[in-house]
Structure formats: C-alpha cells, structure tokens
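Since the model is a prediction, treat every value here as computed from it, not as a measurement. For the single chain, residues carry numbers from 1 onward in sequence order.
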Amino acid sequence: QGGAIFARMLVSLSTWMPSWLLGDAASSLWAMRNGHGPAEFGRWLHEALAHADVPRPGLSAEAKMAFAKQLLDATAWSAFKAALKQLCGGKKRGERRVSSD
C-alpha cells in the first residue's frame, strides 16, 4: 500500500494540490523514509513511479529514476523537498495544474 499512497501523493502534488502544501507533503514523505528505512521507502517510490502517469504524463523513465535517486540520496529535508518539488513539476507558490483524472 505504500506505493499506492506515494503515487497518489505525487499526482496530487503535480496537479490539484496547492504549492503551499509542498512542505507538509515533503515532511510526510520524509517521515515515511526515515521511519521505514531507505529500502522500504525506495521500493514504494519505485512502485509509484512505475505508472506512466505518475507524477505527471510525459515524464520519461530516465527522469523519474534521476529524481528517485535524488530523493533516496538526500541527507537533509531541504534537499529532499527540493527534489520532490522538481519531480512534481516545480510549481510556483499559488500555482495549480489541472488534473487529467
């Protein structure tokens, strides 16, 4: 279930979720990473990114793996949040995108 939760979070961040919630989402995922360990978190992340539309359509498998590496290699919350923001499209404050769902 971790992969499914992760996938929905990434799609939400990339589409309808307002940019000001990025910090809260990053905190939640950072806690999952630190609480369950990098192996389990990495498995969930790869399960989530295996779907073509996660976090957004058109993101190549190579780009997804590069972002996954950044998330897994992050040693500080700020680096983790920055990688998450880029993975989800780098929305600016106040910006929303229309979901394709």
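Nearest heavy-atom pair, A48 versus G3, reported as atom, atom and distance to 0.1 Å: CB-O, 3.5 Å. The minimum heavy-atom distance between G42 and L72, with the atom names listed, is CA-CD2, 3.7 Å. Closest approach of K64 and H51 over heavy atoms only: NZ-O, 2.7 Å. Taking every heavy atom of both residues into account, Q70 and A83 meet most closely at OE1-CB, 3.6 Å.
For the atom pair CZ of F6 and CD of E47, the computed distance is 11.0 Å after rounding to the nearest 0.5 Å. Taking CZ of F41 as the start and CE of M32 as the end, the distance is 6.5 Å to the nearest 0.5 Å. To the nearest 0.5 Å, the span separating CG on L13 from OG on S19 amounts to 10.0 Å. Note that CD of Q86 and CG of L71 are 11.0 Å apart. Values are rounded to the nearest 0.5 Å.
Tracing side-chain contacts under 4.5 Å through hydrophobic residues (I, L, V, M, F, W, Y), one reaches V54 starting from W16; they form part of the same cluster.
At least one side-chain heavy atom of L29 sits less than 4.5 Å from a side-chain heavy atom of M9. Proximity of L87 to L59: side-chain heavy atoms (C-beta onward) are separated by under 4.5 Å at one or more points. Between K81 and L84 the shortest side-chain heavy-atom distance does not fall below 4.5 Å. R33 is not listed as a side-chain neighbour of E40, based on a closest heavy-atom distance of 4.5 Å or more.
At distances below 3.5 Å, not a single donor-acceptor pair connects side-chain atoms of S14 with backbone N or O atoms of L10.
Checked against the 6.0 Å centroid criterion, the rings of F80 and W30 qualify as a close aromatic pair.
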Worked verdict on V11 versus R8 for side-chain contact (heavy atoms from CB on, under 4.5 Å): CA-CA 5 Å; V11 169; R8 296 312 337 147; 3.5 Å; yes
